[in-house]
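Below, chains carry the letters A, B, ... as their sequence lines are ordered, and counting in each starts from 1.
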Number of protein chains: 2
Amino acid sequence: MRRGSNQLRLADFNQAVVLDVLRRAPGASRADLRRESGLSPQTISNITRRLIDDGLIRETEPAGGVRGRPSIPLVVDSDGAFSVGVHIDPARLTTVLLDLDGQVRLRRQERTPQATNPPEVTALIAATADAMIHEAGVDRDRVLGLGIAAPGPLDVHAGVIVDPPQLPNWRNVNLRADLSDATGLPVLLDKDVTAAATAELRSSTAPSNAFVFLYLGSGVGASVVVDNQVLRGVTNNIGEVGDIIVDTDAEQLEWAGRRGGLAAACVPEALVIQAARLGLVPLPDLTDYVAIDDACTAVCAQAVAGNSGATWILARAARRVAVGLGVLVNLLDVPRVVLGGPLWNRLSAAFLPVLTELVAEELVVARPDLVVEGSSVGEHVAAQGAAELVLDHFLAPRAAALLVGEA
Amino acid sequence: MRRGSNQLRLADFNQAVVLDVLRRAPGASRADLRRESGLSPQTISNITRRLIDDGLIRETEPAGGVRGRPSIPLVVDSDGAFSVGVHIDPARLTTVLLDLDGQVRLRRQERTPQATNPPEVTALIAATADAMIHEAGVDRDRVLGLGIAAPGPLDVHAGVIVDPPQLPNWRNVNLRADLSDATGLPVLLDKDVTAAATAELRSSTAPSNAFVFLYLGSGVGASVVVDNQVLRGVTNNIGEVGDIIVDTDAEQLEWAGRRGGLAAACVPEALVIQAARLGLVPLPDLTDYVAIDDACTAVCAQAVAGNSGATWILARAARRVAVGLGVLVNLLDVPRVVLGGPLWNRLSAAFLPVLTELVAEELVVARPDLVVEGSSVGEHVAAQGAAELVLDHFLAPRAAALLVGEA
DNA sequence: AGGTTTAGTCCATCGGATGGAAAAAAGGGT
DNA sequence: ACCCTTTTTTCCATCCGATGGACTAAACCT
């Protein structure tokens, strides 16, 4: 259903554009905004006045040194708006408080309670969010909302976690309603990979506005950014890449995943099973994701320490992941691949030095500009992304926001 | 680079929205347009007056029968604009003349001259386009442009065919400049799969605005439609899916493609090699794509006639294609898969009855609404899509058109 | 001090969307 | 036959946001 647009939307959109430019380029002057946005000086003048009145941006001290009247640098008022982002990973629960400037004000991480009921975790999340808002001394009216990043499948429209394979107790949990009741904040639920890509898109200074984000956590997922937009798919469940075949000669693991699939190549569960076969670590309880995570940490540490078995496992994993990334780059025609997620900083030492070349070998269309890199955000990328999603939802220019009609 | 918008763009955009609605729903009244677009009656009145003055739409006879003033049905004036679409396939050269209503006025298909020089083919295309415009008695001023669908890799920005593996002589051919000089028309070059998806998007009445299009021709490619937009990728070379592994136990073919890859599973070359191994057809000259195409036609005919070897080959191909489609659906989260291209109507008898179920078995997230279907456009889908791309380029509402700034 | 350069604002205007009133064109009811 | 209702479409005045041009402001340069 294509809908038209009108002037009121236009004004909001342009205001969002200006704020967005300023979030990406702090200290830009009105003249810079004019150049960047293509709007007239007068329009910029009006919009910045409104934004200053709303407390979302402020002027800073002019710096001289150049001919002409010195420009007045504008910056996002970091106290202008906040959001809380939560990442529910089977092994770790991460919460961040983000300000409008994109800075993480506070961060907390704890182990995800295993084998408990969702209500307990919901209550824990709500309490944590409240405590962080209070601890940071933030005006509650300035908190735009609570973002939740969770593994799929989700029903984002309804705000429900449907049936994540790695969170066995979480079936049809109405997270949005529960958390909204508990905190009084608007709640946004989205997939972990979508959130991660959003955080990466925001914080990266790379010129490319298109990339594939490979999320490595207790599971593996991908998301796609094209033209500064994070693709979501029709039901917001984009990125199920675990079943992509990456090794035709892979061994069968005692594991539910597909033989030779990407998940079997790089998920902690699979890596730990492979390591246990070589006797590197004892096989942990495969229903305890914290135990799996710890065992995986041990294997990665062995590789760093020079253990040949562990090194071999990770080198093979890198080759397999490269095949999967090749599929994505070939299909989606993007020049950049970003890897991140809770598992990434344990794998990056083994992966990063070799991955660019391995992926390049997979490409059908040669791509000398190909970049494969680690996330610039870090381990808490999904939680930060969940918070970014909230800010973006209220503040970012979306073409859809230009169209008149429904909610 | 995010840019703002202004009122002039707004007017153009709304005009495009109205025309677009009318192209999808012929006979809609001004009141219908108001409901569909969300714009005010007055705005619709103004826009429709402009469109009528421009000869792009016209009023038809009101039909009574309901209370109230009868609405005046508006239809796209099929003589209001035209475009020519050309599909360069290694085996077939297809040209269509499309009117604004989306109807194919004329269509021609010939075998692609093998082992000739691009200048000859360019001259042939220009002559064909001219002849068709003349034959149809179309006012040349109403021809918006010439669209070319070609296999990748392309440099769409420059209008250059870079180095298609199946068109050995076509390296760095500046198709846009050559054809623009020869015909005096604006020329739009785009990838065959992108064009095909565009045609499908336009002609399909299905409610879903998101699907994956699997293009089966002399090669295999995919394109993705999300939210009524055809994804293009950063360099317009989206959809290289031939190397996706779809069978871990596939045999090695005497062929350049990847063992077990999607191309090896369903491309005419690979099918013919498989059939020749079983003695079903003599192995043709593998540099002559017309010969390969004919041999492939023979194999498909044998399957229809009940030959068990040919049937087995196509059934295996269907299973392999389903694995590839599963990868795409899992990754992109779309509820619909459309198959088309020059090869499709030879394969559909073997593929369609089984493909939906085979793909469903591949999905990580169950999707009861999954639809796998053949293109509603037919064999000339890429040529028609190339023509549609021209119409869309000049007439369709694109969010990007709302933004001020560069060309 | 005056010229130059760049930044930002004031004012009048323009273009486009809109709400309300009105006109138009039918059917339904008495 | 007449009036009322319903629905479509247009006219008019108005509103709102963007814009161009003139103007002010504040630096550096010579």
Side-chain angles (χ1 to χ4, degrees), chain A residues 3-18 21-22 25 27-53 57-75 397 401-405, chain B residues 3-18 21-22 27-53 57-74 397 401-405:
Chain A
R3 316 219 100 199
S5 188
N6 60 23
Q7 288 160 305
L8 291 167
R9 306 237 161 207
L10 191 64
D12 283 349
F13 179 77
N14 282 344
Q15 175 165 330
V17 167
V18 168
V21 170
L22 216 44
S29 67
R30 290 176 178 81
D32 294 332
L33 293 175
R34 177 180 62 72
R35 282 184 288 266
E36 199 62 28
S37 71
L39 297 167
S40 71
Q42 184 56 45
T43 303
I44 296 294
S45 188
N46 294 337
I47 290 174
T48 50
R49 190 180 311 117
R50 279 205 301 272
L51 286 171
I52 290 172
D53 289 346
I57 68 173
R58 58 189 166 79
E59 298 184 335
T60 60
E61 280 310 300
V66 287
R67 274 180 88 92
R69 173 174 170 176
S71 57
I72 305 168
L74 298 167
V75 293
L402 262 170
L403 309 183
V404 293
Chain B
R3 316 218 100 200
S5 188
N6 60 24
Q7 287 160 308
L8 290 167
R9 306 238 160 208
L10 192 63
D12 284 349
F13 179 77
N14 282 344
Q15 175 165 329
V17 166
V18 168
V21 170
L22 216 46
S29 67
R30 290 177 178 81
D32 293 333
L33 293 175
R34 176 181 63 71
R35 282 185 288 266
E36 198 63 26
S37 72
L39 297 168
S40 71
Q42 184 56 44
T43 303
I44 296 293
S45 186
N46 295 336
I47 290 176
T48 52
R49 190 181 311 118
R50 279 205 301 271
L51 287 171
I52 289 172
D53 290 346
I57 67 173
R58 58 189 165 79
E59 299 183 335
T60 60
E61 281 310 299
V66 287
R67 271 179 92 93
R69 174 174 171 175
S71 58
I72 305 170
L74 298 168
L402 263 170
L403 309 182
V404 296

OP1 or OP2 of C:dC10 sitting under 4.0 Å from any side-chain N/O of A:Ser45?
no
Each nucleotide of nucleotides 20-30 of chain C classed B (base within 4.0 Å of a protein heavy atom), S (only sugar-phosphate) or -, in 5' to 3' order, makes ---BBBBBS--
Hey, which of A:Asp12, A:Val17, A:Val18 is the one that makes side chain to side chain contact (heavy atoms under 4.5 Å, CB included) with A:Pro397?
A:Val17
In whole angstroms, the gap separating C1' of C:dT18 from CZ of B:Arg30 amounts to 18 Å
Output the rounded distance in Å from CD1 (A:Ile44) to C1' (C:dC10).
17 Å
Minimum heavy-atom separation for A:Pro62 and A:Ile72, please, with both atom names.
CG-CG1, 4.4 Å
Anything under 3.5 Å between a protein N or O and an N or O of nucleotides 13-17 of chain C, put it in a table, one pair a line.
unit_1, atom_1, unit_2, atom_2, d
C:dG15, N2, A:Gln7, NE2, 2.8
C:dG15, N2, B:Gln7, NE2, 2.4
C:dG15, N3, B:Gln7, NE2, 3.4
C:dG16, N2, A:Gln7, OE1, 3.1
C:dG16, N3, A:Gln7, NE2, 3.4
C:dA17, OP1, B:Asn14, ND2, 3.0
C:dA17, O4', A:Gln7, OE1, 3.2

Do A:Asn6 and A:Arg9 have side chains that approach each other closer than 4.5 Å (heavy atoms only, starting at C-beta)?
yes
B:Asp32 to B:Gly27 - nearest heavy-atom pair and separation:
OD2-O, 4.5 Å
Which distance, rounded to the nearest 0.5 Å, do you find between the CG of A:Leu33 and the CG of A:Asn14?
12.0 Å
Taking the side chain from A:Thr60 and the backbone from A:Pro73, do they hold a donor-acceptor pair closer than 3.5 Å?
yes
Look at all strands and tell whether B:Ile72 reaches a base, only sugar-phosphate, or nothing, counting heavy atoms closer than 4.0 Å.
sugar-phosphate
Any side-chain N or O of B:Arg35 under 4.0 Å from OP1/OP2 of D:dT7?
no
What's A:Arg34 touching, base or sugar-phosphate or nothing? Going by heavy atoms closer than 4.0 Å.
nothing
Listed pairs under 3.5 Å, donor-acceptor, residues 46-53 of chain B side chains, sequence neighbours left out:
unit_1, atom_1, unit_2, atom_2, d
B:Asn46, OD1, B:Gln42, NE2, 3.0
B:Asn46, ND2, B:Gln42, O, 3.4
B:Thr48, OG1, B:Arg30, NE, 3.2
B:Thr48, OG1, B:Ile44, O, 2.8
B:Thr48, OG1, B:Ser45, O, 2.9
B:Arg50, NE, B:Gln15, OE1, 3.0

Measuring from atom CG of B:Leu10 to atom CG of A:Leu10, what distance do you get when rounded to the nearest 0.5 angstrom?
5.5 Å
Would you kindly give the CZ-to-P distance between B:Phe13 and D:dA18, to the nearest whole Å?
16 Å
